[in-house]
Amino acid sequence: MVQAIFLCLLLLSISLQSSSAQAKNCSSESFSGNRRYSSCNSLPYLGASLHWTYHASDGTVDVAYRAPQSSSGWVAWAINPSGAGMSGANAFLAFPDSATGAVTVWTTQLSSYAPTVQNQNLNFSVYTKAAEYSNGLYTIYATLEVPSNNTKVNVVWQASTQFGNGVPNGHSTVGDNVNSQSSLDLLSGHAAPAADNSKQHRKNIHGVLNAVSWGVMMPIGAIIARYLRVFQSADPAWYYLHIACQISAYIVGVSGWGLGLKLGSESAGVVHHKHRMMGIALFCLTTLQVFALLLRPDKKNKHRIYWNIYHHSVGYLVIILSVANIFEGFEILLPAKKWKHAYIATIVLLLVIALVLEVITWAVVLRRRSKSSEKSHHGSNGVNGHGVRQYQVA
């Protein structure tokens, strides 16, 4: 059992690592107007690349940002002079003009996670800007002042097809669209995850903790309680195994749940309502289950049957909600599909084990009832109340 849990933990910890496409070789790209750049970096998300030439003499940089998108969508690239992430970023947006259909480029300051997009000056000087669309790719060209002439800059990029009043308005809040940020050294060309990307690591931890606890350990605990109790040789070991498994799952799950609340409080403007509400419901129901153990009546108590009905009903509801919420989490983190399939295989394996045990335990119970019925039949027809066999006289 411990080995099975460890294996599931290993698989899930790998599965919740964020997936990204293989970076293409940005150095092979060419640009209109015979533009050339001294450095480039294949950005890790959204298939984008960034090309630039830094001019140390006047603290400026020529930039070409390129990303795939439909002609009816938009792309954006930004520098955040004040920190990491979207809030506070100064952005360049390329999109089709609603009146003419021609590609236009705007500059805007993103003061929050739900900004009003307007064409405005940035916190640093922009000397030239242009954009074009060709072969399924948007390219933004710009010459700008490097903020405070600091060659290590936090960059953010984005893509979407959502518009409001003819201008870009909103984007997906899962997967690559929330991971698309980096810290870039204009001198060395080295790119590293932005400080805000540590949040993604904590999201992965949150996912692993909850998937292993609610999604694997809880079902295993239920299987132990339902099937091992049938075997007399497993009594009372099955009970202690059940309690140990469920209490462990609860402790690990609450840790993941608390981390989820912390992540939610740090993600202003990004709320996954369904995932959040299901998580809160799970915490409440499992906490109720734990405290219900303190009120568990004795087997001979006439109210024990009602406690059993409650305990079993809530337990199965918790398992259903757990698995559903884990798949909801997969839709938010968007790991590689093969890892989602690995979790599905784990759940299917547990279901197969449960079905096999269901058949076996029913066979044991029916055989036991049959023997009990035979003993009862013989007792009523051939044995008197004192246990002495009676014989009929012909």
Side-chain angles (χ1 to χ4, degrees), residues 2-20 44-45 83-86 113 172-183 192-221 245-287 318-319 321-347:
V2 173
Q3 292 176 338
I5 294 173
F6 177 78
L7 179 60
C8 292
L9 175 61
L10 179 62
L11 288 174
L12 288 170
S13 65
I14 296 172
S15 72
L16 291 176
Q17 296 298 317
S18 298
S19 62
S20 60
Y45 302 102
M86 172 180 170
Y113 284 94
S172 173
T173 56
V174 298
D176 287 2
N177 292 87
V178 293
N179 296 328
S180 52
Q181 51 188 292
S182 180
S183 178
D196 196 53
N197 270 11
S198 65
K199 184 185 295 183
Q200 183 61 35
H201 179 64
R202 287 181 288 148
K203 286 181 181 179
N204 293 343
I205 294 175
H206 163 74
V208 170
L209 291 176
N210 286 291
V212 171
S213 57
W214 309 127
V216 177
M217 295 177 69
M218 281 284 181
I220 289 175
C245 192
Q246 303 303 67
I247 292 296
S248 299
Y250 178 76
I251 293 172
V252 175
V254 168
S255 300
W257 179 77
L259 180 57
L261 291 181
K262 175 64 175 175
L263 288 167
S265 67
E266 296 175 354
S267 304
V270 180
V271 181
H272 304 288
H273 293 284
K274 186 177 178 181
H275 187 61
R276 179 185 177 88
M277 297 310 297
M278 291 175 72
I280 292 173
L282 277 172
F283 170 75
C284 294
L285 289 172
T286 51
T287 301
V318 163
I319 291 173
L321 277 176
S322 298
V323 174
N325 208 24
I326 287 166
F327 281 106
E328 188 70 19
F330 274 118
E331 294 302 314
I332 294 170
L333 285 178
L334 292 178
K337 289 183 178 180
K338 62 181 179 180
W339 300 116
K340 183 178 180 180
H341 295 161
Y343 179 71
I344 293 173
T346 301
I347 295 301

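If you're wondering where the values come from, they're calculated on a predicted model, not measured in any experiment.
- The shortest heavy-atom contact between I326 and G215 is CD1-CA, 3.2 Å.
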Could you go step by step and tell me if Q181 and Y45 meet the side chain to side chain contact (heavy atoms under 4.5 Å, CB included) rule? CA-CA 8 Å; Q181 51 188 292; Y45 302 102; over 6 Å; no

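- Contact check on R276 versus E328 returns no salt bridge, with no Lys/Arg side-chain nitrogen under 4.0 Å from an Asp/Glu carboxylate oxygen.
- Using cut-offs of 30° and 60° on the angle between ring planes, the pair F283 and Y250 is parallel.
- Of all non-hydrogen atoms in M278 and L321, the two that sit nearest each other are CE-O, 3.7 Å.
- Pairing each heavy atom of M217 with each of Q246, the nearest pair is O-OE1, 3.4 Å.
- Scanning all heavy atoms of the two residues, the minimum distance from G253 to S213 falls at CA-OG, 3.1 Å.
- One distance of note links CH2 of W257 with CH2 of W214; it measures 9.0 Å at 0.5 Å rounding.
- Residue S322 holds its OG atom at 9.5 Å from CD1 of I347, rounded to the nearest 0.5 Å.
- Ring geometry for H206 versus H275: interplanar angle over 60°, hence perpendicular rather than tilted (30 to 60°).
- Across every non-hydrogen atom of C245 and G221, the tightest pair is SG-N, 3.7 Å.
- In this structure the side chain of T286 reaches within 4.5 angstrom of the side chain of M218, judged on heavy atoms.
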Derivation and outcome, side chain to side chain contact (heavy atoms under 4.5 Å, CB included), residues L282 and N325: CA-CA 9 Å; L282 277 172; N325 208 24; 4.2 Å; yes

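- The minimum heavy-atom distance between L209 and V252, with the atom names listed, is O-CG1, 3.6 Å.
- Taking CG from L285 and CD1 from I280, the interatomic distance works out to 12.0 Å, rounded to the nearest 0.5 Å.
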